[in-house]
Amino acid sequence: MPATLIDGKAFAARVRAKVADHVTRLREEHGLVPGLAVVLVGEDPASQVYVRSKGKQTAEAGMASFEHKLDVKTSESDLLALIAKLNADPEVHGILVQLPLPAHLDSDLVINSIDPAKDVDGFHISNVGLLGTGQKSMVPCTPLGCLMMLRDHHGSLSGMNAVVVGRSNIVGKPMAQLLLGDSCTVTIAHSRTRNLAEVCRGADILVAAVGRPEMIPGDWVKPGATVIDVGINRVEGAEGKTRLVGDVDFASCAEVAGAITPVPGGVGPMTIACLLANTVTACCRANGLTEPEGLTA
Ligand code: NDP
């Protein structure tokens with residue numbers, strides 16, 4: 001495998017250590033404890049796993065973790081009332097509503113009811129607008145993690161051709177904005193893109209956020225390119241066991257790429273690390289304190 005492996009697990013551990021250091025400083029110097037509230041509606045098994053993991057890592061970083069588990073039938077007005085309470089709570093610096101929400105709840109309405117300063121997922125329309133206009137915002141965690149790894153690997157990204165495959169609001173679009181902010185020439189590809197293989201072959205940086213197992217083969221990758229695989233897909237493995245794969249075919253892409261993230265152990269661990277980083281950033285901003293360097297875009 002000629003490509004350098006970008007180890008997201010190790011990188012995320014370094015980000016978490018930096019977060020924990022800053023949390024200690026906030027407590028010792030300012031008597032502040034950054035607090036993250038996570039709201040889960042219903043019992044979706046994958047969401048339960050994510051919420052547990054978020055709570056555990058928040059506590060390990062020395063922050064306060066507030067979990068709100070609501071019944072699947074919770075009404076919109078009750079959920080909005082909880083968010084209003086969290087918006088007003090000075091001990092809560094970050095609020096995350098775990099998606100997807102049950103179908104009877106309007107996700108856009110719910111997300112846009114979070115105080116933008118506490119919107120550590122970066123999905124509030126104000127944060128989307130701020131990011132799109134190059135202003136200080138809360139940055140969505142998964143693309144932020146990808147950007148951190150790219151900056152760490154390359155230093156400057158200026159002038160590089162970046163192709164983002166996927167145009168979702170949570171990954172593809174904010175990823176493209178961040179790469180543009182770092183002066184890449186950005187192409188966003190999606191399911192209607194013509195000659196996708198050709199488009200991908202033009203990328204110095206190829207970000208795959210599609211949700212289709214191993215869709216991108218090695219011969220779509222420019223020799224020496226950096227491949228960031230956001231995809232998390234569970235597929236049937238040997239002896240009926242399931243395994244996780246990304247959106248790129250790791251074996252063939254790693255033969256051609258200059259650097260590549262694995263799945264698991266690439267982008268995934270960075271997402272929660274960036275959530276913790278965003279909570280610390282929100283706490284600093286709320287208290288007029290200098291933000292830690294290197295923990296936001
Ligand atoms: P969405 O389903 O919201 O978006 C997928 C995007 O891929 C869409 O823009 C879609 O295009 C595009 N697409 C689908 N099929 C094709 C195709 N054949 N060719 C080109 N483009 C295609 O997914 P998300 O953005 O939420 O997630 C993407 C992946 O990232 C998933 O595997 C998800 O599990 C993973 N993920 C991982 C995270 C992490 O922490 N590592 C966090 C979030 C997501 P169109 O718009 O035209 O339909």
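We count ligands from 1, going down the list as the structure has it; atoms in each ligand are counted the same way.
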Ligand-residue contact atoms, ligand 1 with [X], heavy atoms, under 4.0 Å:
{"X": "G166", "answer": "6 (C), 7 (O), 9 (O)"}
{"X": "R212", "answer": "14 (C), 15 (N), 16 (C), 18 (N)"}
{"X": "V267", "answer": "41 (N)"}
{"X": "T271", "answer": "39 (C), 40 (O)"}
{"X": "G268", "answer": "41 (N)"}

Non-hydrogen atoms of [X] versus ligand 1: any pair closer than 4.0 Å?
{"X": "G172", "value": "no"}
{"X": "L196", "value": "yes"}
{"X": "A209", "value": "yes"}
{"X": "M270", "value": "no"}

Verify the distance criterion only: is there a donor paired with an acceptor across the side chains of [X] and [Y] at less than 3.5 Å?
{"X": "Q48", "Y": "K69", "answer": "no"}
{"X": "S156", "Y": "S158", "answer": "no"}
{"X": "T271", "Y": "T142", "answer": "yes"}

Donor-acceptor pair, side chain of [X] and main chain of [Y], under 3.5 angstrom:
{"X": "N161", "Y": "A203", "result": "no"}
{"X": "H190", "Y": "R192", "result": "yes"}
{"X": "D121", "Y": "F123", "result": "no"}
{"X": "D247", "Y": "R212", "result": "yes"}

Side chain proximity check, F250 to D229, heavy atoms < 4.5 angstrom: no
Note, I260 side chain near I6 side chain (heavy atom, < 4.5 Å): no
Specify the protein heavy atom at minimum distance from [atom]: its residue, its atom name, and the distance to 0.1 Å.
{"atom": "atom 26 (O) of ligand 1", "answer": "I170 CD1, 3.5 Å"}
{"atom": "atom 29 (C) of ligand 1", "answer": "G211 N, 3.6 Å"}
{"atom": "atom 35 (C) of ligand 1", "answer": "V230 O, 3.5 Å"}
{"atom": "atom 34 (O) of ligand 1", "answer": "I232 O, 3.5 Å"}
{"atom": "atom 47 (O) of ligand 1", "answer": "S191 OG, 2.5 Å"}
{"atom": "atom 9 (O) of ligand 1", "answer": "R167 N, 2.8 Å"}
{"atom": "atom 4 (O) of ligand 1", "answer": "S168 CB, 3.8 Å"}
{"atom": "atom 44 (C) of ligand 1", "answer": "V171 CG2, 3.9 Å"}

Under a 4.0 Å N-O cut-off, is there an ion pair linking R285 with E291? yes
Is it true that E293 and K18 make a salt bridge, defined as a side-chain N closer than 4.0 Å to a carboxylate O? no
Where's the contact between [X] and ligand 1, heavy-atom distance under 4.0 Å: side chain, backbone, both or neither?
{"X": "N233", "answer": "side chain"}
{"X": "V210", "answer": "both"}
{"X": "T142", "answer": "side chain"}

d(I272 CD1, K56 NZ) to nearest 0.5 Å is 9.5 Å
